[in-house]
2 protein chains.
Amino acid sequence: MMNPPLFDAACSACPIRHRAVCARCDAEEMAQLETIKSYRTFAAGDAILWRGEPLAFVASVVSGVASLSKTLEDGRTQMVGLLLPSDFIGRPGRDTIDFDVTATTDVVLCCFARKPFEALIEDTPHVAQRLMELALDELDAARDWMLLLGRKTAREKIATFLDMLARRSHLAATGDAAPTASALLDVPMTRDQIANYLGLTLETVSRQFSVLKRDGIIDQVDRRQVTVRDLSRLQQATGDDADGGVWS
Amino acid sequence: MMNPPLFDAACSACPIRHRAVCARCDAEEMAQLETIKSYRTFAAGDAILWRGEPLAFVASVVSGVASLSKTLEDGRTQMVGLLLPSDFIGRPGRDTIDFDVTATTDVVLCCFARKPFEALIEDTPHVAQRLMELALDELDAARDWMLLLGRKTAREKIATFLDMLARRSHLAATGDAAPTASALLDVPMTRDQIANYLGLTLETVSRQFSVLKRDGIIDQVDRRQVTVRDLSRLQQATGDDADGGVWS
DNA sequence: TCATGGATTTGATCTATATCAAAGCGCACC
DNA sequence: GGTGCGCTTTGATATAGATCAAATCCATGA
């Protein structure tokens with residue numbers, strides 16, 4: 001694996017800078033973050049954090065995919081969040097979380113010891129403000145997912161999932177949130193993990209991939225890669241109101 | 001309708017104080033909030049805010065129930081939040097919201113003009129911190145709801161809904177989050193609204209109320225009131241893992 | 001007191017998705 | 001370069017909950 005990037009002005013993993021450039025971190029703040037930082041790697045399937053466990057660190061995803069999930073008494077589980085590179089793990093001001101965090105693929109995290117990180121926040125209002133923005137982004141994503149889980153059909157769920165991946169990967173690649181052409185897409189999860197994310201079974205996920213393929217909307221290159229042949233039909237298939245979804 | 005309470009040290013509607021006493025608001029901050037405050041009432045069914053509309057105010061629910069909801073292209077809708085007295089409406093640092101806010105019952109809001117409210121936040125870190133806590137509480141609630149929408153059966157959804165109402169009403173009445181005895185419960189929504197909240201149809205909601213009644217877990221006093229006859233069986237019926245749900 | 005209309009309950013039937021089952025496929029490891 | 005084991009696909013069947021339909025309830029106002 002590539003050596004993880006050092007934390008510096010350009011570090012895409014800095015939890016304060018990620019998803020938008022924070023122009024206000026000064027050299028001293030940077031240096032302070034540098035001293036409490038460490039990289040940690042997790043293999044696919046590893047637990048990163050358990051529900052209820054005291055949080056030792058906050059972190060930013062450098063590479064790979066991690067997921068947040070909750071479980072019912074009898075073992076049924078539901079993913080409640082997906083963490084892609086540059087996403088943040090942690091809850092300013094909270095000791096514990098009430099979901100599990102698991103490595104979906106191999107993952108590298110840029111971790112910051114929690115106590116000193118929170119001390120830093122106290123002194124730097126613009127960092128606190130950035131964290132508030134991140135929390136609100138997560139809340140928006142959670143509410144979109146509630147609509148998906150409560151009201152979308154299996155086909156719409158898969159289309160929404162692929163559309164989200166397309167937007168996020170395009171965003172990462174070009175900084176532009178609205179891809180316009182067909183594209184090769186990395187699907188970094190098994191059918192089972194996708195099912196847990198979408199509130200479906202793995203068989204239904206597989207069938208709907210096949211349907212979208214039969215309809216000429218996607219092509220399956222391999223288990224983990226699809227090409228979007230017709231993005232506008234994919235987006236129509238999401239069921240979303242054209243103006244104003246979170247992803248638009 | 002009763003005259004709304006004035007804003008003062010004891011005002012349960014103060015968005016900074018609600019759900020927990022903020023011991024750090026000084027007299028000057030209070031006075032400042034007082035100048036930008038106004039009460040507004042909405043009749044059941046009224047729109048409070050539309051998706052995409054610029055936010056003119058932030059607010060705290062004084063009485064009644066409001067809901068956040070999202071809609072698909074073909075009109076299917078899903079509630080993504082329920083606002084009970086003392087809950088907060090608003091997104092520090094955001095101009096618009098991407099869901100509708102509707103009065104579920106008659107509602108009284110304590111509104112604060114957004115710009116001056118945000119100016120106040122800038123100067124008072126402890127208020128910003130309180131808002132962060134509120135956002136994280138909402139995020140926790142949203143994630144519990146994702147588990148409910150994605151994986152719970154109709155019976156479990158209704159049980160969870162009633163358990164939530166029981167906890168929240170007990171909390172409001174006694175300040176203690178864990179009711180232990182059976183209790184009369186106010187259900188402030190129609191079957192249709194409950195269905196939209198739980199990702200069900202109104203018929204299924206009605207049937208499951210009947211089933212819980214037949215099983216001796218609840219009694220239906222009237223359309224809007226139930227008594228919980230056996231709280232522990234109600235909680236078992238939620239499907240939640242005994243240790244560690246959000247509501248525990 | 002009765003008529004009216006929305007909300008609710010209950011019944012009958014339908015269907016999308018779950019569940020159960022059995023091949024395929026392909027990568028990793030010998 | 002074969003073998004085994006996950007992962008995936010596809011098929012057959014079952015079922016929870018949706019949909020369609022009809023009473024019933026109950027608040028409201030004439």
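Naming: A, B, ... by sequence-line order, numbering from 1 per chain.
Whole-Å rounding puts the A/D192 CG to C/dT19 C1' distance at 14 Å. As a whole-Å value, the separation of B/R191 CZ from C/dT10 C1' is 13 Å. The CD atom of B/Q225 sits 15 Å away from the C1' atom of D/dC26 (whole-angstrom rounding). Remark: P of C/dT17 and CD1 of A/I158 are 11 Å apart, rounded to the nearest angstrom. Rounded to whole angstrom, the span from the NZ atom of B/K157 across to the P atom of D/dA18 amounts to 7 Å. When rounded to the nearest whole Å, the span between CG of B/D74 and P of D/dT19 equals 11 Å. Nucleotide C/dT10 holds its P atom 13 Å from the CG atom of B/L212, rounded to whole Å. If you take CZ of B/R224 and C1' of C/dT8, they are 12 Å apart, rounded to a whole angstrom.
Residue B/T204 places no side-chain N or O under 4.0 Å from the OP1 or OP2 atom of D/dG17. Remark: A/T201 is not in phosphate contact with C/dT17, judged by side-chain N or O atoms under 4.0 Å from OP1 or OP2.
Judged purely by distance below 3.5 Å, without hydrogens or angles, the side chains of A/S232 and A/D230 pair a donor atom with an acceptor atom.
If you check D/dG17, D/dT9, C/dT8 against the side chain of A/Q220, the one that comes closest is D/dT9. In this structure, the nucleotide among D/dA12, D/dT19, C/dT17 sitting nearest to the side chain of A/R207 is D/dA12. The side chain of B/T153 lies closest to D/dG17, out of C/dA18, D/dG17, D/dC7.
Residues A/L200 and B/E203 both approach DNA chain C. Their nearest nucleotides, taken by heavy-atom distance, put B/E203 toward the 5′ side. For the pair A/D222 and A/A154, nearest-nucleotide mapping onto DNA chain C gives the more 5' position to A/A154. Comparing B/G199 and A/S210, the nucleotide of DNA chain D nearest to each residue sits closer to the 5' end for A/S210.
Using a 4.0 Å heavy-atom distance criterion, B/S206 is classed as a base contact.
By the 4.0 Å N-to-carboxylate-O rule, A/R229 lies too far from A/D215 to be salt-bridged with it. Under a 4.0 Å N-O distance rule, the pair A/E138/A/R143 does not qualify as a salt bridge. A salt bridge links A/K152 with A/D240: the closest approach of a Lys/Arg side-chain nitrogen to an acidic carboxylate oxygen falls below 4.0 angstrom.
In this pair, B/Y197 and B/W145 present their aromatic rings parallel. The plane angle is below 30°, not in the 30 to 60° band.
No hydrogens or angles were tested; on distance alone, a donor-acceptor pair under 3.5 Å links the side chain of A/R223 to the base of C/dC25.
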